[in-house]
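Notes to accompany the following structure.
Note that ligands are numbered from 1 as they come in the structure, with each ligand's atoms numbered from 1 the same way. Hydrogens, waters and symmetry mates play no part in the numbers below; they use all other heavy atoms, side chains included. FYI, the numbering just counts along the sequence from 1. Model, not experiment: these values are computed from the prediction.
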Amino acid sequence: MTNLKLATLNGGERTVVPVDSLRVGEGLTMIAGPCTVESEEQTIETAIAVKKAGAQALRGGAFKPRSSPYAFQGLGLKGLQILKKAKEETGLPIVTEVIDSRDVFWVSEYADVLQIGARNMQNFSLLKEVGRSERPVLLKRGMNSTIEEWLNCAEYILSEGNPHVILCERGIRTFEKYTRNTLDLSSVPAIKELSHLPIIVDPSHASGRASLIPSLSLAALAAGADGLIVEVDINRDEALCDRDQTLTPSEFAHLMEKVRALHQFMASRQ
Ligand code: PEP
Ligand code: MN
């Protein structure tokens with residue numbers, strides 16, 4: 001790997017990223033919530049449901065990087081205010097995307113973790129800005145990016161002084177059309193070999209299909225992922241964005257049972 005200094009493992013300690021009382025990279029991290037914040041009721045009810053099932057952080061987009069400029073772009077500030085309320089109600093820390101370097105400072109007032117989406121993985125001015133932030137960063141892998149390019153993007157953030165980077169594998173583009181992306185599971189052990197940073201997997205965006213999420217989740221954890229970020233929505237069937245890859249709260253609760261069982265099994269074998 002060329003030009004990497006701070007992101008490499010170098011025989012050193014693994015990084016644990018603190019997010020309130022959650023420690024990403026230590027044990028299992030489960031992040032869940034709607035693709036997009038649509039209303040207060042939807043977000044808070046989903047937050048309550050995922051917390052009950054065992055999620056430790058809430059995801060939800062207020063700024064959505066949509067392929068079409070005419071698609072719903074998210075509620076912006078109002079969405080962030082709703083996420084803050086959901087945190088007040090449940091105590092769950094908030095993971096939310098920032099898509100513009102000019103927004104990093106004020107979005108940090110609402111976000112416990114700043115998500116950099118796949119489409120912005122190589123937005124270098126955005127990476128530098130979150131690198132200057134106090135907030136941990138969830139850096140998604142670009143859909144057309146190599147592991148080396150991805151780690152170089154983590155390096156951008158680390159080199160600005162922010163040590164708290166969580167990597168997220170969310171699938172890459174291949175010739176396969178049945179799934180929305182192809183989950184590159186090999187990146188999980190590869191990152192563990194190359195870097196000290198924690199890595200989680202997003203089976204929702206990787207597959208585009210709710211039915212595939214349980215198998216991909218278990219496979220990701222078996223491959224050594226530190227956790228998962230999963231789309232869950234109380235109003236799944238009416239969700240404006242990514243409905244087909246979103247679980248209902250009861251499907252998520254069922255997934256959590258399997259995930260816990262696998263995690264316990266793996267811990268007992270270490
Ligand atoms: C998301 O998490 O809602 C999202 C847009 O993901 P990605 O950037 O991985 O496509
Ligand atoms: Mn989504």
Apply the test side-chain hydrogen bond (donor to acceptor under 3.5 Å, both in side chains) to residues E231 and H205: give CA-CA distance (whole Å), side-chain angles for both, the deciding distance (0.1 Å), then the verdict.
CA-CA 9 Å; E231 289 187 332; H205 291 87; 3.2 Å; yes
Looking only at the side chains, is there a donor atom on one of Q73 and R66 sitting less than 3.5 Å from an acceptor on the other?
no
Side chain, backbone, both or neither: the part of M143 lying under 4.0 Å from ligand 1 by heavy atom
neither
Run the numbers for me: atoms of ligand 1, each under 4.0 Å from some heavy atom of R170, listed by number.
7 (P), 9 (O), 10 (O)
Does one side chain, of N3 or E155, offer a donor that lies under 3.5 Å from an acceptor on the other?
no
Any nitrogen or oxygen of D242, main chain or side chain, under 3.5 Å from a nitrogen or oxygen of ligand 1?
no
Are any of the N/O atoms in E97 less than 3.5 Å from those in ligand 1?
no
Pairs of nitrogen or oxygen atoms closer than 3.5 Å, one from R59 and one from ligand 1: do any exist?
yes
Is it the case that more than 12 heavy atoms not belonging to E160 sit under 6.0 Å from its CD atom?
yes
Over 12 non-hydrogen atoms of neighbours within 6.0 angstrom of CZ in R173
no
If I compare all heavy atoms of Y178 with all of R209, which pair ends up nearest, and what's the gap?
O-NE, 2.8 Å
Short of 2.8 Å from the Mn ion (ligand 2), name each protein N/O/S atom, waters not counted.
C35 SG, H205 NE2, E231 OE2, D242 OD2
Can you confirm if the NZ or CZ of R132 lies within 45° of the ring axis of F105 and under 6.0 Å from the centre of its six-membered ring?
no
G117 heavy atoms, cut-off 4.0 Å: which ligand 1 atoms fall inside?
8 (O)
Checking N123 against S125: is there a side-chain donor and acceptor pair closer than 3.5 Å?
yes
Which of M143, E148, E149 passes side chain to side chain contact (heavy atoms under 4.5 Å, CB included) with S145? It is E149
Please check whether P65 reaches ligand 1 - meaning an N/O of the residue sits under 3.5 Å from an N/O of the ligand, judged on distance alone.
no
